[in-house]
Number of protein chains: 2
Amino acid sequence: MSQREPRSRERIIIGAADLIRRRGLAGSTVRDLAAHSGAPLGSTYHYFPRGKQQLAAEAVRFAGDLATRVLERELEAGPVAGLRAFLALWRQTVIDSDFTAGCPVLAVAVEEPPDDADPEAIKAAAEVFSAWEGLLSASLRDRGAAPEEAARLATLVVAAVEGSVAMCRAKRDIRPLDDIAAQLETLIDAAVTT
Amino acid sequence: MSQREPRSRERIIIGAADLIRRRGLAGSTVRDLAAHSGAPLGSTYHYFPRGKQQLAAEAVRFAGDLATRVLERELEAGPVAGLRAFLALWRQTVIDSDFTAGCPVLAVAVEEPPDDADPEAIKAAAEVFSAWEGLLSASLRDRGAAPEEAARLATLVVAAVEGSVAMCRAKRDIRPLDDIAAQLETLIDAAVTT
DNA sequence: AATTGTTTATGACGCTCGTTATAGCCTACG
DNA sequence: CGTAGGCTATAACGAGCGTCATAAACAATT
């Protein structure tokens with residue numbers, strides 16, 4: 001058996017996350033997902049035997065972990081720094097893609113899974129949302145915010161960012177994201193100086 | 001020529017909005033969209049000769065106008081009343097559908113349209129977002145909020161509501177929507193008493 | 001009743017979907 | 001150096017896709 005990490009498997013996941021955040025899950029075919037990373041179709045079902053749902057779930061977790069790591073690192077400098085990094089991440093995604101890419105987690109969250117398969121992907125999306133909220137919430141508590149207020153504010157931040165990214169795409173305008181940025185920062189400032 | 005409004009056409013649009021908000025646009029086939037309202041497939045292309053994109057755009061506008069009318073009516077009693085009605089609308093949608101339905105406008109906004117067709121649907125989504133923001137913003141200005149602050153806060157409200165509805169679906173939990181409700185209300189109160 | 005135009009019914013078109021199967025390739029270990 | 005097992009290549013399966021064409025059914029006006 002091979003000891004080394006298979007490189008193709010990760011490349012497929014990365015490509016899948018990139019395609020899903022642009023076209024959505026139902027809008028991305030398994031063939032496209034494979035071709036997007038240069039992998040053959042057969043490899044897709046070799047690495048992800050449960051098919052499209054499994055690949056989507058892993059893509060969601062991959063994109064989620066990426067943002068989670070950025071968040072963890074920057075939150076060490078405080079919740080405002082974490083927020084800024086989180087916002088910058090999505091700002092770059094939207095701008096770099098010329099308003100064609102959004103958040104793959106959100107893309108999966110707004111699609112009802114087919115009746116026959118078990119909904120791995122949307123469950124993964126829920127976990128990613130909770131992970132982001134948990135990190136933000138803990139950081140707010142560390143700076144003196146009340147636990148319930150910290151949790152609620154963390155939810156507001158994630159919801160507003162996700163919603164505004166979608167609005168930016170539709171309008172082809174980065175303003176929604178920038179408009180919420182200043183307001184969320186003020187809210188966090190107020191919560192930690194109480 | 002017939003003077004009366006065709007009933008089937010509107011029924012198709014209503015059914016399309018209902019299916020899109022659950023499965024997304026790419027996840028809804030033209031046959032399903034027709035069948036969902038009891039209409040034959042042929043009628044779809046009779047009423048919407050530009051095909052799926054046109055039908056989706058009209059479904060988005062229909063759902064958008066529905067919320068717009070609720071918003072217009074309730075905003076007469078002030079921005080907080082408008083916000084409450086807006087939140088209640090989406091709360092009911094999510095609850096009544098047992099967390100399988102969200103906002104059709106958001107569903108369309110997160111999907112890149114195919115290369116060959118012109119993107120009617122996502123343009124309609126952008127207009128709906130702007131209409132909602134415009135109503136909220138005007139109501140805030142009427143109560144004394146500064147114009148720039150009113151516009152930014154309106155964007156935050158729409159973004160947070162859209163994002164939290166998606167989070168509710170993924171988590172199968174209404175809490176995200178309720179958590180942002182109280183915070184948005186406080187923000188509006190603060191903005192109009194300045 | 002005849003006529004006109006709108007709506008429905010039906011079937012087909014070429015293509016693509018998710019998934020599976022199988023035969024060959026390649027690499028790492030014995 | 002042989003051989004076993006992970007990976008790739010390729011083709012196929014039935015089903016379903018968006019769209020179009022055409023003819024029958026219908027409604028409303030002469």
Side-chain angles (χ1 to χ4, degrees), chain A residues 1-16 19-20 22-60 107-108 111-122, chain B residues 1-16 19-20 22-59 108 111-122:
Chain A
M1 63 202 93
S2 136
Q3 293 294 102
R4 62 172 181 79
E5 270 295 302
R7 211 57 96 205
S8 302
R9 189 177 198 278
E10 196 181 30
R11 282 220 319 276
I12 294 174
I13 294 175
I14 297 174
L19 212 52
I20 290 172
R22 282 166 30 198
R23 302 191 192 164
L25 179 51
S28 303
T29 76
V30 177
R31 282 169 179 82
D32 289 342
L33 291 173
H36 199 58
S37 61
L41 175 60
S43 298
T44 301
Y45 286 92
H46 174 74
Y47 290 118
F48 311 98
R50 292 194 304 283
K52 197 182 186 182
Q53 277 286 321
Q54 181 187 2
L55 174 51
E58 301 217 25
V60 165
V108 162
E111 283 185 35
E112 193 174 53
D115 291 340
D116 48 7
D118 88 350
E120 293 193 55
I122 200 165
Chain B
M1 64 200 96
S2 136
Q3 294 296 105
R4 63 174 178 77
E5 270 295 301
R7 210 57 96 209
S8 300
R9 190 177 199 279
E10 195 181 31
R11 284 222 318 277
I12 293 174
I13 293 175
I14 296 173
L19 212 53
I20 290 172
R22 284 166 29 200
R23 302 192 192 164
L25 180 50
S28 303
T29 77
V30 177
R31 281 169 179 81
D32 288 343
L33 291 172
H36 199 58
S37 62
L41 175 60
S43 299
T44 300
Y45 285 92
H46 173 73
Y47 291 117
F48 312 97
R50 290 194 304 282
K52 197 182 187 183
Q53 276 286 322
Q54 181 187 4
L55 174 51
E58 301 218 25
V108 162
E111 283 187 34
E112 192 174 53
D115 292 339
D116 47 8
D118 87 349
E120 293 193 56
I122 201 166

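These values consider heavy atoms only, across backbone and side chains, with no hydrogens, waters or symmetry-generated copies. Quick note on labels: first sequence line is chain A, next is B, and so on, each numbered from 1.
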So, A:Gln53 side chain and A:Ala121 main chain: donor-acceptor pair closer than 3.5 Å or not? yes
Once you round to the nearest 0.5 Å, how far does OH of A:Tyr47 lie from CD of A:Gln54? 13.0 Å
Should A:Ser8 be listed as having a side-chain N or O under 4.0 Å from OP1 or OP2 of D:dC7? no
Mark yes or no for whether A:Ser43, through its side chain, and A:Ala39, through its backbone, hold a donor-acceptor pair below 3.5 Å. no
Using a 4.0 Å cut-off on protein heavy atoms (strictly under), produce a 5'-to-3' string for nucleotides 15-21 of chain C with B for base contact, S for backbone-only sugar-phosphate contact, and - for none. --BBBB-
Salt-bridged, B:Glu111 to A:Arg22, with N to O below 4.0 Å? no
Cationic N near anionic O, under 4.0 Å, B:Arg23 to B:Asp32: yes
What's the CZ-C1' distance between B:Arg9 and C:dT8, to the nearest Å? 16 Å
With a 4.0 Å cutoff (strictly under), does any side-chain N or O of B:Ser43 reach OP1 or OP2 of C:dT8? yes
Run A:Arg9 and A:Glu58 through side chain to side chain contact (heavy atoms under 4.5 Å, CB included) and show every step you take. CA-CA 10 Å; A:Arg9 189 177 198 278; A:Glu58 301 217 25; 2.9 Å; yes
Rounded to whole Å, how long is the line connecting atom NE2 of B:His46 with atom P of D:dA27? 15 Å
Whole angstrom is fine here: how far is it from OH in B:Tyr47 over to C1' in D:dT19? 19 Å
Nearest-Å distance, CD1 (B:Ile12) to P (C:dT6)? 16 Å
Would you kindly give the CG-to-P distance between B:Asp115 and D:dG18, to the nearest whole Å? 17 Å
